[in-house]
Amino acid sequence: MSDDESQEQTIAEDLVVTKYKMGGDIANRVLKMVVDAAMAGVSVVALCEKGDEMIMEETGKIFKKEKEMKKGIAFPTCISVNNCVCHYSPLKSDPDYILKEEDLVKVDLGVHVDGFIANVAHSFIIGVDKDAPVSGRKADVIKAAHYCAEAALRLVKPGNQNTQVTEAWNKIAQSFNCTPIEGMLSHQLKQHVIDGEKTIIQNPTDQQKKDHEKTAFEVHEVYAVDVLISTGEGKAKDAGQRTTVYKRDPTQQYGLKMKTSRAFFSEVERRFDAMPFTLRAFEDEKKAKMGVMECAKHELLQPFNVLYEKEGEIL
């Protein structure tokens, strides 16, 4: 066992649990604020900015004496609407999306305290309340996603296998005539690591079934469970929308040639370490858009592409 592994901090320690809880409390407060502010006529860019600002503000109030402790955004606020599957977090210079009545909105964000990550997400429909409930396919897909999340809460426990969750999700989605998004992964979380080795896969293809590692959940592990259910075929594709969310890959090295790229990458290392970030977080968006290109081309950064289902389907 390496020194790193022997020193790995887990939820066996009270302080680690406290940090996860503090991150979770902040994440839930920010999520509530974004959901409450999401109404017809509101800009998605403005909501994403609000979410990220509140994360930075709230994490700035805790562990003030620990000057070296990193804390802040673990996943930038993304607001993906209708057939957009995930990772929509536009820049000010991108075309904006204005929310409208009956849009199905998915809000996704993450907070970390000392590298311990709390991710949260919520789906809802604009203009729907108890007096005007949702019906039809939107109701089907929301119910399916809700029951899949409930199943995961019960199945992700020591001794169970990741395949049990995958199978349950397929059965639940099918009962609502819906489909889990093909090949989407839920990752184990570790300190400073948002994409741990152990994963739960949604709706795998035959090839993915062969390649995906079957594994058991163990005591003191933490998982971020991503449930993505579609009224369509469950195939998510890149539709050419600009990618704005990236994360540094600490295993990759390359000598960047462009001065702009070097300045951009050193800021990424300093501010975000290996956490996902948005290009919107940089003062000069234009320079960030230039700098990210060389970094992504040589795989120093991993992109979180904006994915879409077929037009007309709902996620």
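Any value given below was found using the heavy atoms of this structure, including those in side chains, with hydrogens, waters and symmetry copies removed. This chain uses plain numbering: 1 for the first residue, then up along the sequence.
Salt-bridge check for K310 with E233: passed, with a basic side-chain N closer than 4.0 Å to an acidic carboxylate O.
Scanning for side chain to side chain donor-acceptor pair (under 3.5 Å) contacts around E13 gives an empty result, with sequence neighbours left out. With sequence neighbours excluded, the residues that form a side chain to side chain donor-acceptor pair (under 3.5 Å) with E285 are S93.
For the pair T231 (side chain) and I314 (backbone), a donor-acceptor distance under 3.5 Å is present. A side-chain donor-acceptor contact under 3.5 Å links T205 to the backbone of Q208. Under the 3.5 Å distance criterion, the side-chain polar atoms of D103 are left unmatched by any main-chain donor or acceptor of V105. N28 places a side-chain N or O within 3.5 Å of a backbone atom of G24 that can act as its donor or acceptor partner. Between the side chain of N160 and the main chain of L155, a donor-acceptor pair closer than 3.5 Å is present. When atom types are taken as modelled, the side chain of H187 and the backbone of T199 share no donor-acceptor pair closer than 3.5 angstrom. A donor-acceptor pair is defined here as one N or O able to donate and one able to accept, closer than 3.5 Å; no such pair exists between the side chain of K190 and the backbone of E8. Listed for the R242 side chain is no donor-acceptor partner under 3.5 Å among the backbone atoms of P90.
Counting all heavy atoms, side chain and backbone alike, A173 lies closest to P180 at CB-CD, 3.6 Å.
If you check the side chains of Q241 and Y308, you find a donor sitting under 3.5 Å from an acceptor. If you check the side chains of T77 and D52, you find a donor sitting under 3.5 Å from an acceptor.
In summary, the aromatic rings of F277 and F75 are positioned with their centroids too far apart to meet the 6.0 Å limit. Ring centroids of F264 and F282 are separated by less than 6.0 Å, placing the two rings close together.
When the options N305, V306, D94 are evaluated for a side chain to side chain contact (heavy atoms under 4.5 Å, CB included) with T244, the one that passes is D94.
Distance check: Q202 CD to E182 CD gives 10.5 Å after rounding to the nearest 0.5 Å. Between atom CG of residue L189 and atom CG of residue N119 there is a gap of 6.0 Å, rounded to the nearest 0.5 Å.
Shown here is Y147, whose OH atom has no more than 12 heavy atoms of other residues, nucleotides or ligands within 6.0 Å. For D129, the CG atom sits in a packed shell: over 12 heavy atoms of surrounding residues, nucleotides or ligands are nearer than 6.0 Å. Counting heavy-atom neighbours within 6.0 Å of K50 NZ, excluding the residue itself, gives a total of 12 or less. By the neighbour-count criterion of 12 heavy atoms within 6.0 Å, atom NZ of K143 is sparsely surrounded, having that number or fewer from other residues, nucleotides or ligands.
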- Taking it one step at a time, do V107 and F124 satisfy side chain to side chain contact (heavy atoms under 4.5 Å, CB included)? CA-CA 9 Å; V107 181; F124 59 99; 3.7 Å; yes

- Message: Show, in sequence, the C-alpha distance, side-chain angles and deciding distance for F265 and L301, and conclude whether the side chain to side chain contact (heavy atoms under 4.5 Å, CB included) test is met.
- Response: CA-CA 9 Å; F265 191 67; L301 298 177; 4.1 Å; yes

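Side-chain contact between D273 and K70: present, with at least one pair of heavy atoms (C-beta onward) separated by less than 4.5 Å.
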